[in-house]
Q: 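Encoded as structure tokens, here's the structure I'll be asking about.
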2 protein chains.
Amino acid sequence: MVHFKDKSAGYLVNHLARLLEQALAVAIRPLGLTPGQFPTLLALWARDGQTQAELVREVDVEQATMALTLKRMERDGLIRRERNPEDSRSRLIYLTPHAKALEDRALAQAAEVNARALADLDEHEAQQFLSLAIRLVETLRKAPD
Amino acid sequence: MVHFKDKSAGYLVNHLARLLEQALAVAIRPLGLTPGQFPTLLALWARDGQTQAELVREVDVEQATMALTLKRMERDGLIRRERNPEDSRSRLIYLTPHAKALEDRALAQAAEVNARALADLDEHEAQQFLSLAIRLVETLRKAPD
DNA sequence: GCATTTTGTATAGCATGCTGTTCAAGCTGC
DNA sequence: GCAGCTTGAACAGCATGCTATACAAAATGC
């Protein structure tokens, strides 16, 4: 019998997200990183010295979530904050040398987890899955409700 | 420029899962339900009177997670627990009449959220996405690490 | 030039997930 | 018939997400 859960995008995506997050957690634990830090690290590896508000827009989480993530990253020695000469409400967020040094190994672990998840799909199917996922994200980001 | 996040199954699925969970939260809030309760409700609507261990296997979350979810559901008047005559370590979990009465409306809301997420895809693409997602879930559930 | 609005952050409170630990009850083997 | 293993469940501690609130600094309007 086919259950609701095999026909529900929400159910499947939630389940898949938990499995992927777990796999990533295991893969990057030896580096002292956690899955929740990954999107912010990607943004900072791409461009160092951003404000919290910029990171919020790029990572698409709520400001309160980003504030807490940055607090943990600071605690863990991944970032430091310096005053922003342009706007004294905000501070600029910079990666520590330690966090910069982790980039290659962290990306390699993430790529390995992705490859493992997609292992059962051929090249075309994998690309298809990513394209469709992007379209769902875009659809939901635009939907006002 | 294409970012890592547009090529990473993990990044995309995490983002998509957050968007879908949020949309579902809004849609079922008027019913007094939360997204985390949904998988357990689906299992109990399909078969009432299961043990916690059975629900854990069906929903595929950790036992501690299920224990806490059930505690909140009990607090919210969605379930009650009765002693299991077969095994006094466990209790059988039953939906309250209130929770049973919510089934149709809750399923309708979930279906509406799924439809909205898939709105940009045609019939074939939507089916393709669900099939591929199922295969990723199965691959990761089998992977030992 | 000042009141109002907007923007940038922090914090509290809560839901949902995890690991680790503990404990009771059932099962197994000798 | 009991020691030891297995199974069912609860709870503590923590990460990651959300909403709601609060407040300071910047921008805007008149």
Side-chain angles (χ1 to χ4, degrees), chain A residues 10-11 13-29 32-41 50-57 59-76 78-79 81-93, chain B residues 10-11 13-29 32-41 50-57 59-76 78-79 81-93:
Chain A
Y11 198 110
V13 169
N14 172 270
H15 195 172
L16 189 48
R18 286 189 285 115
L19 292 167
L20 281 164
E21 178 168 352
Q22 267 313 104
L24 184 63
V26 170
I28 61 180
R29 188 166 301 141
L33 301 177
T34 59
Q37 300 169 342
F38 222 95
T40 303
L41 284 169
Q50 301 191 57
T51 66
Q52 184 183 122
E54 288 171 326
L55 291 171
V56 161
R57 284 188 281 273
V59 173
D60 196 27
V61 291
E62 290 301 314
Q63 175 268 322
T65 299
M66 182 55 72
L68 197 50
T69 297
L70 291 174
K71 188 185 248 192
R72 279 189 293 259
M73 290 175 75
E74 194 166 35
R75 176 202 65 189
D76 296 349
L78 295 169
I79 57 164
R81 315 196 211 201
E82 294 186 6
R83 46 172 260 91
N84 183 353
E86 320 249 302
D87 187 335
S88 64
R89 290 170 302 182
S90 66
R91 279 176 299 166
L92 299 178
I93 295 153
Chain B
Y11 197 109
V13 168
N14 171 269
H15 195 173
L16 189 48
R18 286 189 285 116
L19 291 167
L20 281 163
E21 178 169 352
Q22 267 312 106
L24 183 63
V26 170
I28 62 179
R29 186 166 303 142
L33 301 177
T34 59
Q37 300 169 342
F38 222 95
T40 303
L41 284 169
Q50 302 190 57
T51 65
Q52 183 182 123
E54 288 171 326
L55 291 171
V56 162
R57 284 186 282 273
V59 174
D60 196 27
V61 290
E62 290 301 314
Q63 174 268 324
T65 299
M66 181 56 72
L68 198 49
T69 297
L70 291 174
K71 188 187 247 191
R72 278 189 293 259
M73 291 174 75
E74 193 166 36
R75 176 202 65 189
D76 296 348
L78 296 169
I79 58 163
R81 314 195 211 203
E82 293 187 5
R83 47 171 262 89
N84 183 352
E86 319 249 300
D87 187 336
S88 63
R89 290 171 302 179
S90 66
R91 280 178 297 165
L92 298 178
I93 294 154

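Letters A, B, ... are given to chains in the order of the sequence lines, protein chains preceding strands, and every chain is numbered from 1. Being a predicted model, the structure only gives us computed values, none of them experimental.
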Q: To the nearest Å, how far apart are A:Leu70 CG and C:dG8 C1'?
A: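 Rounding to the nearest Å, CG of A:Leu70 and C1' of C:dG8 are 12 Å apart.
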
Q: Of the non-hydrogen atoms in A:Leu70 and A:Gln52, which two are nearest, and what is the gap between them?
A: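 Shortest heavy-atom contact: CD1-CG, 3.7 Å.
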
Q: Could you tell me how far apart A:Ile93 (CD1) and C:dG8 (P) are, to the nearest whole angstrom?
A: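 Result: 12 Å.
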
Q: Please produce a list of atom pairs where a protein N or O lies less than 3.5 Å from an N or O of nucleotides 21-24 of chain C.
A:
none

Q: Under a 4.5 Å cut-off applied to non-hydrogen side-chain atoms, are A:Thr34 and A:Arg72 in contact?
A: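 No, side chains not in contact.
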
Q: Restricting to side chain to side chain contact (heavy atoms under 4.5 Å, CB included), what partner residues turn up for B:Arg18, sequence neighbours left out?
A: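 Side chain to side chain contact (heavy atoms under 4.5 Å, CB included) list for B:Arg18, sorted by chain: A:Val61, B:Asn14, B:His15.
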
Q: Which value, rounded to the nearest 0.5 Å, describes the distance between A:Ile93 atom CD1 and A:Leu55 atom CG?
A: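 Result: 5.0 Å between the selected atoms.
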
Q: So, OP1 or OP2 of C:dA25: does either fall under 4.0 Å of a side-chain N or O from B:Ser90?
A: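 No, because none of the side-chain N or O atoms of B:Ser90 sits under 4.0 Å from OP1 or OP2 of C:dA25.
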
Q: List for me each residue that meets side chain to side chain contact (heavy atoms under 4.5 Å, CB included) alongside B:Glu86, sequence neighbours excluded, and say none if there are none.
A: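 With sequence neighbours excluded, B:Glu86 shows a side chain to side chain contact (heavy atoms under 4.5 Å, CB included) to B:Asn84, given in chain and number order.
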
Q: Would you say the side chain of A:Ile28 lies within less than 4.5 Å of the side chain of A:Gln37, judging by non-hydrogen atoms?
A: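 Not touching, per the 4.5 Å side-chain cut-off.
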
Q: NA contact type, A:Val61, heavy-atom cut-off 4.0 Å: base, sugar-phosphate, or nothing?
A: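 Sugar-phosphate contact only.
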
Q: From the 5' end of DNA chain D to its 3' end, which nucleotides mark the outer limits of contact with chain A, defined by a 4.0 Å heavy-atom distance cut-off (strictly under)?
A: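 From 5' to 3', the first and last contacting nucleotides are D:dA15 to D:dA26.
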
Q: Heavy-atom nearest nucleotide on DNA chain C for B:Gly36 versus B:Asp87: which residue maps closer to 5'?
A: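 First, find each residue's nearest nucleotide; the 5'-ward one identifies B:Gly36.
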
Q: Taking only residues two or more places apart in sequence, or in another chain, which ones meet A:Arg89 in a salt bridge (Lys or Arg N to Asp or Glu O under 4.0 Å)?
A: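 So A:Arg89 forms a salt bridge (Lys or Arg N to Asp or Glu O under 4.0 Å) with A:Asp87.
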
Q: Contact class for A:Ala67 (heavy atom, under 4.0 Å): base, sugar-phosphate, or nothing?
A: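 Contact class for A:Ala67: base.
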
Q: Please state how far atom CG in A:Leu68 lies from atom C1' in C:dT9, giving the value in whole angstrom units.
A: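 From A:Leu68 CG to C:dT9 C1': 13 Å.
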
Q: Residues two or more places apart in sequence or in another chain: which of them pass salt bridge (Lys or Arg N to Asp or Glu O under 4.0 Å) with B:Glu62?
A: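 Salt bridge (Lys or Arg N to Asp or Glu O under 4.0 Å) list for B:Glu62, sorted by chain: empty.
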
Q: Mind checking if B:Ala25 touches a base, just sugar-phosphate, or nothing, with heavy atoms under 4.0 Å?
A: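 It contacts nothing in the nucleic acid.
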
Q: For DNA chain C, whose closest nucleotide is more 5', that of A:Arg29 or that of A:Arg91?
A: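 Its nucleotide being nearer the 5' end, the pick is A:Arg91.
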
Q: So what does A:Thr65 touch, heavy atoms closer than 4.0 Å: a base, only the sugar-phosphate, or nothing?
A: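 Here A:Thr65 touches the bases of the nucleic acid.
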
Q: Expressed as a whole number of angstroms, how long is the span from A:Leu55:CG to C:dA10:P?
A: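 My rounded result for the distance is 12 Å.
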
Q: Nearest whole Å is fine: how far is C:dG17 C1' from B:Asn14 CG?
A: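 My rounded result for the distance is 12 Å.
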
Q: Taking all non-hydrogen atoms of both residues into account, name the closest pair between A:Pro35 and A:Glu21 and its distance.
A: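 Nearest heavy atoms, A:Pro35 then A:Glu21: CG-O, 3.6 Å.
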
Q: How close or far is atom P of C:dT11 from atom CZ of A:Arg72, stated in whole angstroms?
A: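 Computing the A:Arg72:CZ to C:dT11:P distance gives 13 Å.
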
Q: Rounded to the Å, how far apart are A:Glu62 CD and C:dA10 C1'?
A: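 These atoms are roughly 15 Å apart.
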
